[in-house]
Amino acid sequence: MSDEISKLPPQVQERLLRLNQLQQTLQSILAQKQQVEMELTEIEQALNELQKLADDAVIYKAIGSLLVKSEKAKISADLNERKELLNTRATVLGKQEERLRSQLKDLQTKLQQDLSPVSPSQS
């Protein structure tokens with residue numbers, strides 16, 4: 001397989017390498033985006049549960065393997081701050097995904113042109 005690639009013109013080899021790199025980067029971005037979305041869902045659920053509790057309810061916050069007593073208002077503020085940060089991160093990842101998909105599409109088009117046999121001109 002790599003023998004076949006080495007027979008291609010250097011420009012095509014570079015494009016194939018770049019295509020592979022972009023695909024790997026896109027996979028990484030998608031995995032990060034999925035992780036952020038999962039955490040956002042968990043935070044939304046936690047905030048919804050917090051709203052159902054009385055202001056003086058006893059609440060514990062998980063810190064590593066410990067549960068530490070805390071106040072509803074403090075936990076709510078922490079969760080809202082984390083939610084805002086994750087929403088910003090999700091927006092950035094979404095823009096990176098969009099840009100990478102565009103670059104991949106352009107590169108795939110160029111590679112298809114590079115690798116397609118030259119068709120005889122029709123007149």
Side-chain angles (χ1 to χ4, degrees):
M1 181 80 171
S2 63
D3 262 356
E4 294 174 15
I5 291 176
S6 66
K7 293 177 184 172
L8 294 171
Q11 180 184 0
V12 175
Q13 289 179 31
E14 288 174 20
R15 285 183 177 161
L16 285 170
L17 181 63
R18 179 75 180 135
L19 181 73
N20 191 23
Q21 290 170 339
L22 286 175
Q23 287 172 333
Q24 288 176 355
T25 303
L26 180 61
Q27 290 304 314
S28 172
I29 294 295
L30 291 175
Q32 290 176 51
K33 189 176 168 189
Q34 184 179 22
Q35 181 75 28
V36 166
E37 288 170 352
M38 285 176 31
E39 193 173 343
L40 273 170
T41 300
E42 289 177 7
I43 287 175
E44 289 286 343
Q45 290 172 342
L47 285 168
N48 286 337
E49 290 302 316
L50 269 178
Q51 285 180 341
K52 297 175 187 173
L53 297 175
D55 287 342
D56 60 348
V58 177
I59 300 174
Y60 292 90
K61 179 178 181 180
I63 300 175
S65 60
L66 300 175
L67 290 177
V68 178
K69 191 174 180 179
S70 189
E71 297 173 12
K72 177 182 173 182
K74 176 155 180 22
I75 290 178
S76 182
D78 288 350
L79 287 173
N80 278 313
E81 185 179 322
R82 181 73 181 149
K83 179 180 164 185
E84 188 177 318
L85 184 72
L86 288 171
N87 276 325
T88 302
R89 181 78 179 129
T91 301
V92 169
L93 289 170
K95 287 180 182 176
Q96 287 178 327
E97 177 190 356
E98 187 178 313
R99 190 179 66 241
L100 283 168
R101 287 190 188 280
S102 174
Q103 289 175 342
L104 276 169
K105 187 178 176 184
D106 290 346
L107 196 53
Q108 286 170 336
T109 301
K110 287 177 184 173
L111 277 168
Q112 283 175 343
Q113 291 170 353
D114 289 343
L115 299 174
S116 67
V118 178
S119 61
S121 63
Q122 298 176 352
S123 53

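Just so you know, these numbers come straight off a predicted model, no measurement behind them. All values below were derived from every heavy atom in this structure, side-chain atoms included, with hydrogens, water molecules and symmetry-related copies excluded.
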task: Report the distance from atom OG1 of Thr25 to atom CD of Gln96, rounding to the nearest 0.5 Å.
output: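 Spacing of OG1 (Thr25) from CD (Gln96) equals 9.5 Å.
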Report, one line per pair, each donor and acceptor closer than 3.5 Å where one atom sits in a side chain of residues 11-19; sequence neighbours left out.
| from | atom 1 | to | atom 2 | distance (Å) |
| --- | --- | --- | --- | --- |
| Gln13 | NE2 | Ile5 | O | 3.2 |
| Gln13 | NE2 | Ser6 | O | 3.2 |
| Gln13 | NE2 | Leu8 | O | 2.7 |
| Arg15 | NH1 | Asp114 | OD1 | 3.1 |
| Arg15 | NH1 | Asp114 | OD2 | 2.6 |

Find out whether Thr88 and Leu85 are in side-chain contact, i.e. whether some heavy atom of one side chain is under 4.5 Å from a heavy atom of the other.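 Counting from C-beta outward, Thr88 and Leu85 never come under 4.5 Å.
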Partners meeting side chain to side chain contact (heavy atoms under 4.5 Å, CB included) with Lys7 (sequence neighbours left out) =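 Listed in chain order: nothing, the list is empty.
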Among residues at least two apart in sequence or on other chains, which ones pass side chain to side chain contact (heavy atoms under 4.5 Å, CB included) with Glu39?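 Applying side chain to side chain contact (heavy atoms under 4.5 Å, CB included) to Glu39 gives Ile43, Arg82, Leu86.
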Among Ile, Leu, Val, Met, Phe, Trp and Tyr joined by side-chain contacts under 4.5 Å, find the other residues sharing a cluster with Val58 and list them by chain and number.
->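 Other cluster members: Tyr60, Leu67.
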- Query: Hydrophobic clusters join Ile, Leu, Val, Met, Phe, Trp and Tyr when side-chain heavy atoms are under 4.5 Å apart, directly or via other members; which others share one with Val92?
  - Reply: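 Noted: Val92 shares its cluster with no other residue.
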Would you list the atom pairs, donor with acceptor, under 3.5 Å between side chains in residues 98-108 and any protein atom, with sequence neighbours excluded?
| from | atom 1 | to | atom 2 | distance (Å) |
| --- | --- | --- | --- | --- |
| Arg101 | NE | Glu97 | OE2 | 3.0 |
| Arg101 | NH2 | Glu97 | OE2 | 3.1 |

Test of understanding: clusters of I, L, V, M, F, W, Y form through side-chain heavy atoms closer than 4.5 Å, transitively. Do Met38 and Val36 belong to the same one?
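No; tracing contacts between hydrophobic side chains, which count when under 4.5 Å, never links both residues.
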**OP:** Report yes or no: do Leu115 and Leu22 belong to one cluster of Ile/Leu/Val/Met/Phe/Trp/Tyr joined by side chain heavy-atom distances under 4.5 Å?
**Re:**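 Yes, Leu115 and Leu22 fall within the same hydrophobic cluster.
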Listed by chain and number, what are the side chain to side chain donor-acceptor pair (under 3.5 Å) partners of [X], not counting sequence neighbours?
X     : result
Gln32 : Ser28, Arg89
Glu49 : Lys52
Lys72 : Asp55

| query | Does Gln23 CD have over 12 foreign heavy atoms under 6.0 Å away? | reply |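 Atom CD in Gln23 is crowded, with more than 12 foreign heavy atoms closer than 6.0 Å.
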query: If you count the non-hydrogen atoms of other residues, nucleotides and ligands that lie under 6.0 Å from CD in Glu71, is the total more than 12?
result: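 No.
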Practice problem: Under the salt bridge (charged side-chain N to carboxylate O under 4.0 Å, His left out) rule, collect the residues that match up with Lys110, sequence neighbours excluded. | Solution: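 Result, salt bridge (charged side-chain N to carboxylate O under 4.0 Å, His left out) vs Lys110: none returned.
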Which residues share a salt bridge (charged side-chain N to carboxylate O under 4.0 Å, His left out) with Glu81, sequence neighbours left out: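 Once residues adjacent in sequence are excluded, Glu81 has no partner under the salt bridge (charged side-chain N to carboxylate O under 4.0 Å, His left out) criterion.
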Give the minimum heavy-atom separation between Ala46 and Leu79, together with the two atoms involved.
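Of all heavy-atom pairs spanning Ala46 and Leu79, the closest is CB-CD1, 3.8 Å.
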